[in-house]
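Below you'll find the structure, written out as C-alpha cells, and then a few comments.
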Protein chains: 2
Amino acid sequence: MAVDPLSRVFSALADPTRRDMVARLAAGDATLNELAAPYGVTVQAVSKHLRVLEDAGLVSRSRDAQRRPAHLEAAVLDLATGWLERYRRAAEERYRRLDDLLARLPDDIDPIPPARPEEGASR
Amino acid sequence: MAVDPLSRVFSALADPTRRDMVARLAAGDATLNELAAPYGVTVQAVSKHLRVLEDAGLVSRSRDAQRRPAHLEAAVLDLATGWLERYRRAAEERYRRLDDLLARLPDDIDPIPPARPEEGASR
DNA sequence: ACCGTTGTCAACCATCTGGTTGATGACAGT
DNA sequence: ACTGTCATCAACCAGATGGTTGACAACGGT
C-alpha cells in the first residue's frame with residue numbers, strides 16, 4: 001500500500017457506488033445503514049466502500065453512540081480538481097498557441113521534414 | 001466491460017504512471033516509445049496504459065507510418081472536473097448555509113433533542 | 001531484399017478489488 | 001439482564017489489473 005493521495009482519491013471515485021455515496025453525502029451526513037439502503041448489496045460491502053472513501057480522505061466519521069455518521073470532506077475534491085484543471089489548462093493553452101497546428105503543417109507548403117526536428121532520444 | 005464513462009476516466013487517472021503520461025501529453029503529442037522511456041517498465045506495459053487512456057477517451061491516436069502518436073483529448077477531463085465541481089459546490093453550499101452547524105447546536109442553549117427528529121425504528 | 005524500428009497480440013502470473021457469509025463487539029431501551 | 005440495532009472483523013471467491021516474456025505484423029531506409 002502506501003499509495004499517493006491523488007491515486008487514492010481517483011481510485012475511490014472510480015466506482016459508481018462510491019460516487020453515488022459521495023453525491024448523497026454532499027447533501028448531508030449519513031450513517032452506514034442509511035447509505036446502504038439504496039443498493040442491492042450487503043451492509044458489509046458498503047462498509048468497505050466507506051472505508052475506501054475514508055482512506056482517500058474524502059469522508060470523515062464521527063461517533064454518536066453506536067452510530068458513526070459519515071461526513072463529506074470536500075477539501076480533498078479540490079485536490080483532484082486541481083490536478084485536472086492544471087493539465088486541462090495546459091492542453092488548452094497549447095492548443096490556443098497553435099503549436100499543435102504548426103506541428104501538422106500541410107507538406108505541400110514546405111518540404112521541411114515535418115516530423116520530429118531533433119527529438120534525439122532523451123527528454 | 002461496458003463501464004460508465006466517468007468510472008473509466010477516474011479509473012484511468014487512478015494510476016500514477018498514467019497520470020504522468022497525461023501530464024506529458026499535455027505538453028505535446030508523443031509516440032509510445034517516447035512515452036515509455038522514463039519508466040522502468042516494458043513498452044508493452046506502457047502500451048496497455050495507453051490503451052486504458054484511449055478507452056477512457058482521454059487520448060486519441062493518429063497514424064504516421066509505423067508510428068501512432070498519442071494526443072491528449074482535454075475535453076474528457078472536463079467530464080471529471082464537472083462531476084467534482086458539482087459536489088464540491090454542493091458541499092460548500094451546504095456548509096455556507098449553516099445547515100451543518102445548526103445540526104450541531106450546542107445543547108446548553110436549547111434542550112430540544114438535537115438528534116434525528118422522527119427517525120423511528122422501522123425502515 | 002533485408003534489417004531495424006515501432007507497435008500489437010497472446011499467454012501467463014501475482015496482487016488488488018468488490019462482493020459474499022458468518023461471527024462478534026458496542027450500545028440504547030425496556 | 002436480555003434483546004435488537006449498528007457496525008466491524010475475518011475468511012473466502014471470482015474477476016479485474018499491472019506487470020512480465022515471447023512472437024509477430026507493418027513499415028522506412030539502405
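The figures here come from the full heavy-atom set of this structure, side chains too, leaving out hydrogens, waters and symmetry mates. Within every chain, numbering begins at 1; the chains are lettered A, B, ... in the order of the sequence lines, protein sequences first and strands thereafter.
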Note to self: On the nucleotide D:dC9, are OP1 or OP2 found under 4.0 Å from the side-chain N or O atoms that A:R51 carries?
What the structure shows: yes

Margin query: On DNA chain C, compare the nucleotides closest to A:V41 and A:S11; which residue's is nearer the 5' end?
Written below: A:S11

Next item on the list: With rounding to the nearest 0.5 Å, note down the distance linking CZ in B:R19 to CZ in A:F10.
Entry: 6.5 Å

Item checked: Whole-Å gap separating C1' (C:dT6) and CZ (B:R61) -> 10 Å

Checklist line | B:D15 CG - C:dT17 C1' separation (whole Å) | finding: 15 Å

Check: Nearest of D:dC6, D:dT8, C:dC27 to any side-chain atom of A:N33?
Finding: D:dC6

Check: Distance check: side-chain N/O of B:H49 vs OP1/OP2 of D:dG19, anything under 4.0 Å?
Finding: yes

Check: Tell me: CG of A:D64 to C1' of C:dA26, nearest whole Å?
Finding: 13 Å

Margin query: Counting distance alone, no hydrogens or angles: does the base of D:dC6 have a donor or acceptor under 3.5 Å from a partner atom on the side chain of A:Q66?
Written below: no

Next item on the list: Examine C:dG18: is either OP1 or OP2 under 4.0 Å from a nitrogen or oxygen in the side chain of A:R18? Give yes or no.
Entry: yes

Next item on the list: To the nearest Å, give me how far apart CG (B:L35) and P (C:dT6) are.
Entry: 13 Å

Note to self: Could you tell me if A:D20 and A:T17 have a donor-acceptor pair between their side chains, going purely by distance under 3.5 Å?
What the structure shows: no

Notebook entry, point to check: Judged by atom type as modelled, is there a donor-acceptor pair below 3.5 Å linking the side chain of B:R61 to the main-chain atoms of B:R68?
Noted result: yes

Note to self: Between P on C:dA26 and CG on A:L32, what's the gap in Å once rounded to a whole number?
What the structure shows: 17 Å

Margin query: Closest approach to the side chain of B:T42, judged atom by atom: which nucleotide of D:dT21, D:dC9, C:dG19 is it?
Written below: D:dT21

Item checked: Candidates C:dG7, D:dA7, C:dA28 - which lies nearest the side chain of B:T31 -> C:dG7

Check: Which listed nucleotide (D:dG4, D:dC27, D:dA7) is nearest to the side chain of A:R67?
Finding: D:dA7

Item checked: Residue pair A:L35 / A:P38: nearest heavy atoms and the distance that separates them -> O-CD, 3.1 Å

Checklist line | Gap between atoms CZ and C1', on B:R8 and D:dA16 respectively (whole Å) | finding: 14 Å

Notebook entry, point to check: Quick one: do the A:D78 and A:T81 side chains pair a donor with an acceptor below 3.5 Å?
Noted result: no

Item checked: First of B:Q44 and B:K48 reached from the 5' end of DNA chain D, by closest nucleotide -> B:K48

Next item on the list: Calculate the interatomic distance between B:R68 atom CZ and D:dG28 atom C1'; express it in whole Å.
Entry: 17 Å

Next item on the list: Just call it for A:V43: base, sugar-phosphate, or nothing, with non-hydrogen atoms closer than 4.0 Å on any strand.
Entry: base

Item checked: Nucleotide D:dC6, atom P - distance to CG of A:L50 in whole Å -> 15 Å

Check: For B:R63 and D:dC27, is the shortest distance between a side-chain N/O and OP1 or OP2 below 4.0 Å?
Finding: no

